[in-house]
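Residues: numbered from 1 along the sequence shown.
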Amino acid sequence: MARRHTNRAHSANAAGAAVADIMLGTRAIATDTGPIPTTGADRGAGFHSESVATNPLSGPITVPQKRTIGETGITVHPLALGGSTFGWTLGVDDSFDVLDRFAGVGGSLIDTADSYAAGRSESIIGKWMASRGTRDRMRIMTKIGRHHDHRGLAPDEITAAVDDSLTRLGTDRIDLLFFHGDDPAVPLEESLGSVDALIAAGKVGAIGASDFAPERLIEARVLAANGLPRFQALTTGYNLLERRPFEGAPELVAHAQGLAVLPYFALANGFLGGAVRRRSDVRHDARGARQAHHLGRRGHRVLAALDEIAFARGVQPATIAIAWLLAKPTVVAPVASASKPEQVDALIAAASVELHRSELVELDRVSA
């Protein structure tokens with residue numbers, strides 16, 4: 001019988017001023033044997049690591065070496081912290097606590113969107129970076145196209161949306177800008193042309209696509225061959241319980257184009273964390289309704305397999321669920337959110353777990 005895993009809280013890292021002090025200081029890097037493999041197929045020899053300073057109380061910690069997103073030159077820890085809860089289910093103070101923990105354990109990539117909490121997510125992240133002095137260490141990816149003031153991907157809407165995001169984030173550049181869904185009403189050539197000007201102005205570092213159909217990704221690559229900006233990354237819903245929409249044509253195109261895949265809903269709205277096992281565990285809100293959708297034979301099979309592997313390795317089920325994603329050839333950094341600082345540890349830990357082939361086969365089987 002599978003062992004049910006119980007969540008164990010870990011002691012919190014020093015936050016606030018301590019984080020600010022170290023982020024403004026220097027970063028210690030241990031000797032290394034080379035760049036980290038960027039695909040699941042290449043990681044059989046084990047993970048390379050580096051030592052980074054965290055805060056005066058805990059001292060340096062060892063974390064997986066950063067990976068590169070496509071051909072952008074942007075290097076990140078292989079776990080992106082989702083910002084969709086900031087300003088929605090989490091207020092400013094709670095959001096700061098989660099962000100402090102993320103920075104304190106080596107995280108470096110934050111995902112948000114101009115439509116998350118009507119822009120409040122970006123504002124909270126911006127205020128946190130300003131108060132902690134973390135802008136130069138963090139990499140920010142945000143999405144445009146769904147804010148109520150700037151809907152769609154028309155050139156003027158893109159320009160205005162980016163300027164507003166920069167203001168809320170309190171920065172002069174967006175490291176990775178995503179089109180938040182396709183806009184069939186606007187020629188893709190016009191949208192990419194607008195971003196080309198933003199890249200030239202230094203406001204945007206690189207561009208990615210969110211939930212684009214394979215056909216549109218192929219069209220975008222043709223346009224890039226003619227001089228327009230090239231999509232470097234793809235973000236789409238993908239996890240152990242939601243595999244079919246990505247596996248197939250989207251995955252093949254992403255692999256062929258060398259797109260860095262950053263799957264959101266990496267924990268299936270938190271279900272794969274294991275806290276929801278029965279109807280009585282479900283909260284009466286939108287997130288709870290999405291979690292309840294997975295309550296059934298397949299969901300319980302997946303949780304049982306996660307419990308078994310997690311127990312054997314002494315980690316949390318969420319860690320194993322994300323490690324499964326990291327074993328996929330195209331995945332660079334899954335996106336997962338946290339509502340409490342202690343939950344961040346389980347997310348970050350996934351990058352240091354190399355699942356055995358038998359474990360991957362079992363997870364593939366129960367989630368098929």
Q.
For Phe246 and Tyr238, take the angle between the two ring planes, folded into 0 to 90°, and tell me which bin it lands in: parallel under 30, tilted 30 to 60, perpendicular over 60.
A. tilted

Considering all heavy atoms, the nearest [X]-[Y] contact:
X: Leu234; Y: Ala254; result: CD2-CB, 4.4 Å
X: Pro317; Y: Asp307; result: CG-OD1, 3.6 Å
X: Ala346; Y: Thr319; result: O-OG1, 2.7 Å
X: Leu303; Y: Leu272; result: CD2-CA, 4.2 Å
X: His180; Y: Ser210; result: CD2-OG, 3.9 Å
X: Arg298; Y: Glu242; result: NH2-N, 4.5 Å

For [Y], is there any backbone N or O sitting under 3.5 Å from a side-chain donor or acceptor partner on [X]?
X: Arg139; Y: Asp136; result: yes
X: Thr167; Y: Asp163; result: yes
X: Gln257; Y: Arg221; result: no
X: Arg137; Y: Gly107; result: yes
X: Glu359; Y: His356; result: yes
X: Ser367; Y: Val302; result: no
X: Ser121; Y: Ala117; result: no
X: Arg135; Y: Met138; result: yes

(Q) Check this for me: Asp156, atom CG, are more than 12 non-hydrogen atoms of other residues, nucleotides or ligands nearer than 6.0 Å? (A)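 Counting neighbours around CG of Asp156, more than 12 heavy atoms of other residues, nucleotides or ligands fall under 6.0 Å, so yes.
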
Q.
I'd like to know whether CD of Glu189 has more than 12 heavy-atom contacts from other residues, nucleotides or ligands below 6.0 angstrom.
A.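 Atom CD in Glu189 is not crowded, with 12 or fewer foreign heavy atoms closer than 6.0 Å.
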
When rounded to the nearest 0.5 angstrom, what distance separates [atom1] in [X] from [atom2] in [Y]?
X: Arg173; Y: Lys203; atom1: CZ; atom2: NZ; value: 14.5 Å
X: Ile199; Y: Leu177; atom1: CD1; atom2: CG; value: 8.5 Å
X: Ile309; Y: Glu362; atom1: CD1; atom2: CD; value: 7.0 Å
X: Ile140; Y: Asp175; atom1: CD1; atom2: CG; value: 6.5 Å

Q) Would Ile207 and Leu192 satisfy side-chain contact (heavy atoms from CB on, under 4.5 Å), going step by step from the backbone distance to the final call? A) CA-CA 9 Å; Ile207 188 171; Leu192 292 173; 4.0 Å; yes

Q. Between the side chains of Trp128 and Asp100, is a donor N or O closer than 3.5 angstrom to an acceptor N or O?
A. yes

Q: Check whether the side chains of Asp164 and His147 place a donor and an acceptor atom closer than 3.5 Å, and report yes or no.
A: no

Q: Would you sort out whether Thr112 and Glu122 count as a side-chain hydrogen bond (donor to acceptor under 3.5 Å, both in side chains), showing the intermediate values?
A: CA-CA 7 Å; Thr112 185; Glu122 288 183 330; 5.1 Å; no

Q.
Between Leu363 and Leu306, does the side-chain contact (heavy atoms from CB on, under 4.5 Å) criterion hold? Intermediate values first, please.
A. CA-CA 8 Å; Leu363 290 171; Leu306 290 174; 3.9 Å; yes

Going by heavy atoms in the side chains, are [X] and [Y] under 4.5 Å from each other?
X: Arg67; Y: Val331; result: no
X: Ser165; Y: Ile144; result: yes
X: Asp111; Y: Thr235; result: no

Q | Worked check of side-chain contact (heavy atoms from CB on, under 4.5 Å) between Leu223 and Leu188 | A | CA-CA 8 Å; Leu223 293 170; Leu188 192 53; 4.0 Å; yes

Q) Taking it one step at a time, do Ile125 and Leu169 satisfy side-chain contact (heavy atoms from CB on, under 4.5 Å)? A) CA-CA 6 Å; Ile125 292 167; Leu169 289 165; 4.1 Å; yes

(Q) Checking Trp324 against Asp364 for the side-chain hydrogen bond (donor to acceptor under 3.5 Å, both in side chains) test, could you report, in this order, the C-alpha distance in whole Å, the side-chain angles of both residues, the deciding distance, and whether it holds? (A) CA-CA 9 Å; Trp324 176 83; Asp364 284 344; 2.8 Å; yes

Q: Run the salt-bridge test on Asp183 and Arg216 with the 4.0 Å N-O cut-off and return the result as yes or no.
A: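 No, Asp183 and Arg216 are not salt-bridged.
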
Q | Residues Glu251 and Lys328 bridged, charged N to O under 4.0 Å | A |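 Looking at Glu251 and Lys328, the cut-off is not met.
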
